[in-house]
Student: 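Structure in structure tokens, see below.
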Amino acid sequence: MMDNLKGFTKAEFLSFLYAEKSREIENNSVPGWSKWALFGTIVTIIIFLYREITTNYSTYDYEVFSRYTIILLAGTSLILLFCRYSSGGKSYMLEKVRPLKDEVSALLYIFQFVICLGAGILQFYWFGFTLAFVFLTIAVLINAIILIYIFVNRDKFVLAQLKTQVFVDWKTDNYIHSILGGIYGGTIGFSITDLLKKHQGFYSSEFEFAIGLISLIILIYWLLKISEMNNGVANEIDRIINKFVVGAISQEDAYKKYILIMYGFSAYQSVENDLEIIETIKNSYNNRVNIVNDLEKQVQGNTISFDELQQIHQTLETEINFYNRSMTSLSVLLTKFDNITKLGIPAAVDTEFKAVLKEYKSAYTLFSDLVARTTLIMQKIKDIIYCNKCGGICLDYECSHRKEPMSLKYKLRRKVWAFFKKNIHRISLKKNK
């Protein structure tokens, strides 16, 4: 990975990072549109809208104004939906992945959800249950589904591309976004047709007021978008610079972090932080096998005292807790493996990744062996000390009745006593309160 920078001195590498930070800021900048410029414009539009509404309140045709607003809102959503495909000249690597939350910006869909909801309310209030209302309702639902999908799968690894694709399957992604685009276009067409049928001429005051309102909404969105972009890659590169300057990370580590930020993770890097469980299982296997063998020898003697039984029980509890934690960690790791391999990209055949997958299978085999051994010991202990007839522990190993089934009468008596005991405990707790 460092081949491209082998000849770089520390000063040259630092200059490289500063240049990349400047390039990122420049790519995200819009000439003339700083945060303060946006704030000033937003305040100006708010003042304009306030003056208009207080001065010409009684002269507006609010039905026409609503129609103009709905058309402009749908048009804005349509433009932003297709503007998301603009990559800004960036490139990507086919073998890289990143979490969905880093690949997709939820802001666009939150914005579309809000304005479609507002347009739908306006449509229903002024014009009732029409085709445009149906379109807008569907748009609200689709945007809500996309937001839920992003939230649920936020940590799922996806292709690290140009931050335009939400769903893993690009065909599904294009299909859903095409439906959204068609809905916005249909809303515009229906609204314009209905407007021309019911109203003759052009209502300039209402249109100007609608333009002002839509401009305010767009500027607020753009302000949030600029803040999101400025707090992204450029800030991350700045953190790398700070760490590199003070010597907290080496030049090689700094370059690796830069690649991660710009292009995403390799298959191996995507699971690197979860590999500790494999080493833990492998390193502790021999020790845990010895523990299991010792327990097995104690159990096979058939002369377990009550104190020994308690000690064995505590040891088994420790082992079972380890198994439960390990199983959870192994399941998370397996999910990530499946997630990466199903993407169908060169990352799935990454040499390190394949080696880790092999190590995982080896560790899982060892883990399964430990679980099987411990389960067998637990069953042996149960066979030795557990009485089926009484439903509890019995240390009379010579008892000939322990294998007999529990009688129905005794089962009912135990259930009634357990129910009575539970309710007595609840009543006593209430009295104490």
Side-chain angles (χ1 to χ4, degrees), residues 99 155-157 248-250 252-253 256 260 265-341 347-388 391-398 402-403:
D155 295 320
K156 186 176 181 179
F157 282 98
I249 55 175
S250 66
E252 183 175 356
D253 288 337
K256 285 180 179 179
L260 289 181
F265 298 85
S266 69
Y268 172 75
Q269 289 167 331
S270 66
V271 297
E272 191 173 12
N273 293 333
D274 301 286
L275 300 182
E276 185 181 349
I277 183 61
I278 292 178
E279 290 302 317
T280 301
I281 290 174
K282 289 174 65 178
N283 293 336
S284 65
Y285 176 74
N286 291 332
N287 182 46
R288 292 185 182 279
V289 165
N290 291 333
I291 292 173
V292 169
N293 289 337
D294 289 342
L295 292 175
E296 193 170 14
K297 288 177 183 178
Q298 292 182 56
V299 172
Q300 286 174 346
N302 288 353
T303 55
I304 305 174
S305 67
F306 186 74
D307 291 338
E308 288 174 328
L309 176 64
Q310 283 186 317
Q311 187 176 358
I312 290 174
H313 183 263
Q314 289 175 357
T315 305
L316 285 173
E317 274 194 338
T318 302
E319 290 301 299
I320 290 169
N321 288 334
F322 171 75
Y323 299 152
N324 289 336
R325 293 194 307 270
S326 299
M327 181 57 76
T328 301
S329 299
L330 286 170
S331 297
V332 170
L333 188 55
L334 181 59
T335 300
K336 286 190 176 183
F337 280 138
D338 289 341
N339 179 205
I340 298 297
T341 52
V349 293
D350 179 273
T351 304
E352 286 182 316
F353 186 71
K354 287 179 71 176
V356 170
L357 187 56
K358 186 177 180 180
E359 289 292 320
Y360 170 86
K361 290 177 180 178
S362 172
Y364 191 82
T365 301
L366 295 177
F367 179 78
S368 299
D369 179 57
L370 283 171
V371 173
R373 282 170 173 260
T374 306
T375 303
L376 182 63
I377 293 173
M378 291 175 68
Q379 186 59 47
K380 285 183 178 180
I381 291 175
K382 184 177 179 181
D383 292 341
I384 293 170
I385 66 175
Y386 190 79
C387 177
N388 290 329
I393 294 174
C394 175
L395 296 179
D396 183 2
Y397 306 122
E398 304 301 326
R402 65 169 60 247
K403 301 297 182 183

Student: Which residues pass the ring pair (Phe, Tyr, Trp, His ring centres under 6.0 Å) test with F322, not counting sequence neighbours?
Tutor: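 Applying ring pair (Phe, Tyr, Trp, His ring centres under 6.0 Å) to F322 gives none.
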
Student: Is the Y364 ring parallel, tilted or perpendicular to the Y360 ring (thresholds 30°, 60°)?
Tutor: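 Taking Y360 first and then Y364, their aromatic rings lie parallel (interplane angle under 30°).
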
Student: CZ of F337 to CG of L330: how many Å apart, nearest 0.5 Å?
Tutor: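 Answer rounded to 0.5 Å: 9.5 Å.
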
Student: Just to verify, what does K156 make a side chain to side chain donor-acceptor pair (under 3.5 Å) with, not counting sequence neighbours?
Tutor: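 Per chain and number, K156 pairs via side chain to side chain donor-acceptor pair (under 3.5 Å) with no residue.
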
Student: Any pair with a residue in residues 321-332 that passes salt bridge (Lys or Arg N to Asp or Glu O under 4.0 Å), sequence neighbours left out, goes on the list, sorted by first then second residue, please.
Tutor: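 Counting only pairs at least two positions apart or across chains, no salt bridge (Lys or Arg N to Asp or Glu O under 4.0 Å) contact touches residues 321-332.
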
